[in-house]
Amino acid sequence: MVTMVDQEDSMTRLHCYVHVPFCRSRCPYCDFFLVTRQDLQERFFSALNKETAERLAAVHGSTIHSVHFGGGTPSLVPASFLENWLVTLSRHVSLSGDAEVTIEANPEDLTTEKLHDFASLGVNRLSIGVQSFMSEKLLALGRVHTAAETLQVTGEAMDLFGNVSVDLICGAEGETMDAWERDLRTAFSCGVPHISIYMLTLEKRTRLESFVKRGIVTLPDEQAQAAMYARACELLETEGFEHYEVSNFSKPGFFSRYNLGCWCRESYLGFGPSAHSFRITGGQEIRSVNVSSLMRYMASPRETQESNEMLSEEAQINEKIFLSLRLSSGLKLDDLRHYHEDSSEVLETVEQFRAQGLLEIRDGVIKVSRKGFLFADKVAEELMPMRKVGSSQ
Ligand code: SF4
């Protein structure tokens with residue numbers, strides 16, 4: 001018998017995310033949910049398998065199009081833990097023939113043995129938290145890996161996987177445009193087909209925020225950061241990368257299927273503490289979030305969801321506008337008109353952004369310009385018919 005859940009799921013692609021909440025130490029700028037107690041790894045994976053079995057039973061027989069191990073630092077844990085989780089997954093669902101299986105990894109974890117372990121699990125994409133290929137900058141960021149180590153593992157990962165992404169941060173203390181260009185050119189020389197660029201931002205209650213407040217650290221100002229981002233866009237384009245999302249650039253065919261799926265509002269199930277899920281089921285769209293406490297998560301792995309939000313029509317429209325404008329595929333002008341009862345005002349706003357060089361309209365599609373990518377979220381807010389609406393269940 002086909003249930004309503006199955007029927008709805010067949011209309012949208014399904015992805016899985018696993019939040020592995022362990023790191024060696026907390027980097028000064030990071031506010032992600034994580035712990036540094038490695039003695040909890042085994043208990044965590046036991047709970048993760050219980051949560052996964054319970055929730056996948058509801059979509060039994062579905063096909064999964066991508067699996068993304070994120071965190072935290074998934075490369076820190078033994079590959080056998082990830083293998084057991086994949087076995088749990090395979091009891092309920094199957095992976096599509098071309099499924100992308102990604103692990104986020106830190107350079108200091110990537111021994112030759114570990115790289116081979118991941119490959120033998122069926123991992124076919126590696127996302128390396130390089131952040132920089134420069135020793136001084138890594139030190140300024142408080143990272144524990146070295147520049148030489150990073151270059152070496154990126155090369156080795158490319159030889160083994162071919163499908164490798166590197167994260168680079170721009171705007172570290174003392175970083176000049178020259179140094180930033182050198183970082184980018186080093187990434188190009190490794191031949192990686194995907195690069196994510198993040199600007200160093202001050203998150204609340206991080207050590208970096210306190211260093212900056214106390215004058216211990218001075219970061220490049222917003223203008224300098226924007227100039228670095230713009231230069232990165234130019235260089236990446238020259239190297240044949242497509243700027244497909246605000247922070248993401250890929251060679252043809254090497255975009256992140258998992259991330260693109262989330263931005264295109266395909267269904268995804270997030271497992272592990274603090275993981276988010278999005279489901280289209282029974283004609284409704286539901287976003288849910290798991291508990292952000294490892295202890296509570298491990299104590300009740302079958303009741304991990306802390307909040308469930310059924311999206312109202314307005315909230316769905318706002319999401320569509322917000323997410324579409326972050327992507328190079330953009331937003332159809334007709335859709336935007338349709339979202340507004342009286343579209344004359346929003347079309348005026350679009351014209352204003354176009355005059356400022358932040359938006360472009362081509363073939364009936366609105367896209368943010370290279371200059372506008374940095375302001376995509378602010379532009380999107382101005383085009384929404386209502387602000388952040390939703391109803392709770
Ligand atoms: S390794 Fe990544 S997730 Fe872990 S603390 Fe550093 S930035 Fe955060």
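Positions are given from 1, in the same order as the sequence printed here. Keep in mind that this is a model prediction, so the values were computed, not measured. As the structure lists them, so they are numbered: ligands from 1, and atoms in each ligand from 1.
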Heavy atom of the protein closest to atom 8 (Fe) of ligand 1 (residue, atom name, distance) = Cys30 SG, 2.4 Å
Atom 7 (S) of ligand 1 has as its nearest protein heavy atom Arg143 NH1, 3.5 Å
Can you tell which of Trp85, Tyr17, Phe118 makes a ring pair (Phe, Tyr, Trp, His ring centres under 6.0 Å) with Phe69?
-> Trp85
Of Arg257, His15, Arg13, the one forming a side-chain hydrogen bond (donor to acceptor under 3.5 Å, both in side chains) with Ser66 is His15
Run the numbers for me: atoms of ligand 1, each under 4.0 Å from some heavy atom of Leu34, listed by number.
-> 3 (S), 4 (Fe), 5 (S), 8 (Fe)
Nearest neighbour in protein (non-hydrogen) for atom 1 (S) of ligand 1 | Asn106 ND2, 3.2 Å
Tell me: protein heavy atom nearest atom 4 (Fe) of ligand 1, and distance?
-> Cys23 SG, 2.3 Å
Would you kindly check if the NZ (Lys) or CZ (Arg) of Lys251 is within the cone defined by 45 degrees around the ring axis of Phe241 and under 6.0 Å from the six-membered ring centre?
-> yes
For ligand 1, is there an atom lying under 4.0 Å from some heavy atom of Gly129?
-> no
Near Ser25 (heavy-atom distance under 4.0 Å), the atoms of ligand 1 are 5 (S)
Residue, atom name and distance, where the atom is the protein heavy atom closest to atom 5 (S) of ligand 1 | Cys27 N, 3.3 Å
Tyr297 vs Phe44 aromatic rings, parallel, tilted or perpendicular, using cut-offs 30° and 60°?
-> tilted
Among His19, Glu51, Arg296, which one satisfies side-chain hydrogen bond (donor to acceptor under 3.5 Å, both in side chains) with Asn290?
-> Glu51
Answer yes if the ring centres of His194 and Phe254 are under 6.0 angstrom apart, and no otherwise.
-> no
